[in-house]
**Q** 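Take a look at this one; I'll ask things after.
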Amino acid sequence: MSTPTDTQRMEKIVSLCKRRGFIFQSSEIYGGLNGAWDYGPLGVELKRNLKNYWWRVMVHERDDVVGMDGAILTHPAVLKASGHVEGFSDPMVDCRLTGKRFRADQIPRQSGTIFKYEFAREAAPVDRALQALAHLAETDAEPKFNKTRITSSDALDLAKRIVERRKLSISLPKADPEAIELFFSHLGDLLRQHPRSQWEEEFASAYSVPQRTICKDAFSVLVGPGESESKAKKTARAFYQKRGLKLPVVVPLPPADELKETQKFNPENGAELTPPRPFNLMFKTNVGAMEDESSVAYLRPETAQSIFVQFKNILEVARKKLPFGIAQIGKAFRNEINPRNFTFRSREFEQMELEYFCRPEQGMELLEYWKEERLKFYENIGLSRANLHLLNVPDEERAFYSKGTYDIEYDFPFGRQELEGVAYRTDYDLSQHQKASGKSLEYFDEETKERFIPHVVEPSAGVDRTVLAMICEAYAEDQAPNDKGEMEGRTFLRFHPRMAPIKCAIFPLLRNKEPLVAKAKQIRDLLRPHMFVFYDESGAIGRRYRRQDEIGTPFCVTVDFETLGEKQSDLRDTVTLRERDSMKQERVKISDLLGLLLLRIG
Ligand code: ATP
């Protein structure tokens with residue numbers, strides 16, 4: 001199922017991310033590297049807050065999970081055993097006109113009329129015919145054609161002279177190749193009937209169909225309902241032009257068919273796509289100085305495999321009993337055919353994965369358990385339940401070894417898309433590695449004295465996708481009073497305080513009043529060991545609030561003359577605490593500030 005898309009909202013989000021230093025295109029000054037992104041000063045904070053919270057909830061707050069941090073460079077044997085070398089591919093198709101590559105299963109389904117073309121032939125006169133035309137156009141008054149430089153673009157000019165001089169009753173064609181072909185064929189016939197030299201016959205025979213170039217490739221075009229055949233013809237001509245014809249006359253194959261829900265045509269131009277072929281998504285590299293098959297390694301396409309491969313080592317050192325899990329956060333690499341939707345589908349990204357090992361009979365129950373835990377997690381980082389959806393992946397779409405998989409999806413502005421997969425992977429991975437390595441990966445149950453390969457449930461989340469979901473969820477616009485009390489548009493990010501890059505901004509009301517500045521700096525130093533704070537003394541207070549709103553800082557503290565106790569002594573050492581979303585302000589004692597903020601951040 002998909003949701004309506006909101007392109008405008010997404011454009012605003014991408015622009016805010018760049019403007020305020022959340023996310024930049026990688027290698028931007030060199031034109032950008034497709035599928036790679038760099039996180040700026042605020043983006044890195046947001047990302048760290050997410051990873052730290054995941055680690056806290058998934059590892060530190062549990063007795064049954066330990067962490068690890070595996071290498072990115074991976075031995076090919078690992079990925080052979082896991083099935084990635086053979087099977088980690090997406091079906092790829094190319095547009096036969098532009099060469100643009102698509103993932104076959106992601107092409108939107110389209111309906112319309114298909115126009116098929118059997119082949120195309122050249123309507124522009126070939127060199128021999130051009131030479132003949134040049135001779136025929138030559139007069140005593142104009143003998144100066146340089147016959148070695150005539151190109152097909154001169155052909156119509158030459159023909160015009162001939163038609164005018166010989167007063168032939170034939171009208172000059174417009175630009176389309178069919179009319180041009182008809183014109184030159186007709187001209188050849190007329191000239192042949194009244195020869196004055198050998199050039200009339202020479203032209204007619206050189207322009208005959210067998211003498212002209214033919215492109216034998218068949219091609220077809222889909223045009224949408226209500227669109228005309230001329231659109232298909234134009235696309236087909238472009239196709240044959242790419243194959244070397246200057247003025248292709250396209251030869252249709254009747255009849256035109258109606259197609260429904262097809263994925264065989266480029267959605268951008270209607271051109272036919274090549275048949276799908278598998279494209280392995282792994283990045284291959286060579287380790288060491290030799291560049292041959294013996295030095296091949298891969299950049300890991302998921303963090304999970306190093307967990308499986310280290311299962312035995314970790315089991316021994318962690319002294320855990322089933323069920324227990326191993327968690328990892330780290331980079332993964334996939335040479336995606338179409339990186340798109342900002343950071344959503346990148347070629348380099350981070351994953352947060354837990355492999356939770358269990359007895360076979362616990363698998364299905366733990367799948368349900370982890371699905372619920374993970375939904376709770378997303379709510380706890382500020383994603384609203386209304387925007388989160390659970391997809392129970394049907395049998396035919398699940399990996400063959402999985403007995404159950406849920407996709408946790410999120411309503412992004414570009415549609416409903418996967419945020420995390422929670423999969424019951426049975427004992428597939430450990431069995432494969434045991435078989436391929438010849439090393440036992442069995443678990444010995446002290447109580448039952450059984451030896452078996454544990455099953456595993458895997459919640460696998462994407463850091464970058466979750467960061468993007470948090471930004472999309474947070475993006476908001478409303479009206480707020482400016483320094484003069486007039487209402488104006490405000491853009492702000494409603495991050496959950498737990499995730500916000502900066503937790504609290506601290507302002508002295510005036511930058512040139514030393515006691516205010518000193519007090520504000522004291523507060524900064526008081527809070528700094530506990531949270532990321534930002535001190536700002538430049539510009540009007542309203543402007544400073546607005547800058548913080550736009551980057552999602554949930555709290556601002558202002559030190560004013562009341563803080564100094566100048567007007568009312570009972571307000572001494574109190575500050576204004578302003579909340580981002582409601583813009584409400586309250587008076588808080590400096591001594592209560594840290595506790596209050598920690599409580600509200602969570
Ligand atoms: P998709 O179907 O979107 O390609 P997937 O089902 O192949 O994703 P998994 O192999 O289950 O993804 O990976 C687990 C998680 O890793 C995904 O839910 C997603 O959050 C993240 N992820 C996978 N591929 C990418 C990518 N190209 N860019 C960013 N994150 C990704």
Side-chain angles (χ1 to χ4, degrees), residues 2 23 26 33-39 43 47 50-51 54 58 79 82-84 87-92 102-107 278-283 298-308 327-355 367 370-371 374-375 377-378 381 383 388-394 396-402 404-410 412 414-425 428-429 456-472:
S2 61
I23 300 169
S26 184
L33 178 65
N34 201 3
W37 299 93
D38 295 337
Y39 288 78
K47 209 177 180 194
L50 170 66
K51 290 193 281 185
W54 187 90
M58 303 292 273
L79 296 161
S82 65
H84 285 86
F88 193 56
S89 55
D90 279 336
M92 170 181 71
F102 297 90
R103 222 174 101 172
D105 55 332
Q106 285 177 347
I107 300 208
F279 174 75
N280 194 300
L281 300 180
M282 286 201 296
F283 283 97
Y298 294 95
L299 305 190
R300 64 180 175 193
E302 59 180 27
T303 62
Q305 293 308 319
S306 54
I307 300 182
F308 296 127
Q328 179 169 206
I329 298 179
K331 290 267 187 179
F333 300 82
R334 296 182 188 178
N335 197 3
E336 296 281 357
I337 297 166
N338 287 132
R340 60 190 179 145
N341 290 331
F342 201 21
T343 56
F344 178 83
R345 187 173 298 287
S346 319
R347 292 187 167 130
E348 173 175 342
F349 56 96
E350 262 182 294
Q351 289 185 314
M352 306 182 281
E353 293 194 301
L354 170 71
E355 302 304 325
L367 174 68
W370 279 111
K371 167 202 80 180
R374 298 303 304 146
L375 277 172
F377 175 89
Y378 288 112
I381 60 168
L383 303 189
L388 289 162
H389 304 275
L390 255 192
L391 174 74
N392 192 345
V393 181
E396 62 279 10
E397 287 174 30
R398 269 198 322 261
F400 69 91
Y401 48 77
S402 170
T405 300
Y406 287 107
D407 281 352
I408 300 178
E409 298 180 320
Y410 180 75
F412 287 95
F414 45 83
R416 187 169 297 170
Q417 298 280 350
E418 176 183 329
L419 210 49
E420 164 161 353
V422 185
Y424 172 26
R425 298 171 67 110
Y428 174 77
D429 303 273
V456 72
V457 174
E458 174 199 76
S460 169
V463 175
D464 309 78
R465 283 188 189 179
T466 310
V467 165
L468 185 58
M470 289 196 294
I471 296 173
C472 293

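Atom set for the values below is all heavy atoms of this structure, side chains included, hydrogens, waters and symmetry mates excluded. Residue numbers start at 1 and run along the sequence shown. In listed order, ligands and their atoms are each counted from 1.
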**Q** Given Glu350, which of Lys331, Arg465, Lys47, Arg300 fulfils the salt bridge (charged side-chain N to carboxylate O under 4.0 Å, His left out) condition?
**A**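 Among Lys331, Arg465, Lys47, Arg300, the one that satisfies the salt bridge (charged side-chain N to carboxylate O under 4.0 Å, His left out) with Glu350 is Lys47.
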**Q** Report the member of Arg465, Arg103, Gln417 with the shortest heavy-atom distance to atom 8 (O) of ligand 1.
**A** Arg465
**Q** Considering only protein heavy atoms, which is closest to atom 16 (O) of ligand 1, and at what distance to one decimal place?
**A**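 Of the protein heavy atoms, Gln351 NE2, 3.2 Å lies nearest.
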**Q** Describe, in one word, how the ring planes of Tyr410 and Phe412 are oriented to each other, choosing from parallel (under 30°), tilted (30 to 60°) and perpendicular (over 60°).
**A** perpendicular
**Q** Mind checking whether Thr343 has an N or O less than 3.5 Å away from an N or O of ligand 1?
**A** no
**Q** Nearest protein heavy-atom contact for atom 29 (C) of ligand 1: which residue, which atom, what distance?
**A**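 Minimum-distance protein heavy atom for atom 29 (C) of ligand 1 reads Phe344 O, 3.1 Å.
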**Q** Of all the non-hydrogen atoms in the protein, which one sits nearest to atom 28 (N) of ligand 1, and at what distance?
**A**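 Looking at atom 28 (N) of ligand 1, the protein heavy atom closest to it is Ser346 N, 3.0 Å.
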**Q** Provide, to 0.1 Å, the distance between atom 14 (C) of ligand 1 and the closest protein heavy atom, together with that atom's residue and name.
**A**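 For atom 14 (C) of ligand 1, the nearest protein heavy atom comes out as Ser460 OG, 3.0 Å.
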**Q** Who's the nearest protein heavy-atom neighbour of atom 20 (O) of ligand 1, and how far?
**A** Leu419 O, 2.8 Å
**Q** Of Glu302, Glu420, Arg334, which has the heavy atom at the shortest distance from atom 9 (P) of ligand 1?
**A** Arg334
**Q** Taking Gln328 for its side chain and Thr303 for its backbone only, find out whether a donor-acceptor pair lies under 3.5 Å.
**A** yes
**Q** Could you check atom 2 (O) of ligand 1 against the protein and tell me its nearest heavy-atom contact, residue, atom and distance included?
**A** Glu418 OE1, 4.0 Å
**Q** Tell me if the aromatic rings of Trp370 and Tyr424 count as close, with their centers under 6.0 Å from one another.
**A**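 So the answer is no for these two rings.
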**Q** Among residues at least two apart in sequence or on other chains, which ones pass salt bridge (Lys or Arg N to Asp or Glu O under 4.0 Å) with Arg340?
**A** none
**Q** If you count the atoms of ligand 1 from 1 in the order shown, which ones are under 4.0 Å from a heavy atom of Gly462?
**A**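 In order of numbering, the contacting atoms are 20 (O), 21 (C).
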**Q** Which residue owns the protein heavy atom closest to atom 22 (N) of ligand 1, what's the atom, and how far is it?
**A**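 Result: Phe349 CE1, 3.5 Å.
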**Q** Among all the protein's non-hydrogen atoms, which is closest to atom 4 (O) of ligand 1, and how far away is it?
**A** Arg345 NH1, 2.8 Å
**Q** Determine whether the side chains of Asp429 and Tyr401 contain a donor N or O and an acceptor N or O closer than 3.5 Å.
**A** no
**Q** Does the gap between the ring centers of Phe344 and Phe342 come in under 6.0 Å?
**A** no
**Q** Using the test salt bridge (Lys or Arg N to Asp or Glu O under 4.0 Å), find all partners of Glu458 that sit at least two apart in sequence or belong to another chain.
**A**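 Salt bridge (Lys or Arg N to Asp or Glu O under 4.0 Å) list for Glu458, sorted by chain: Arg425.
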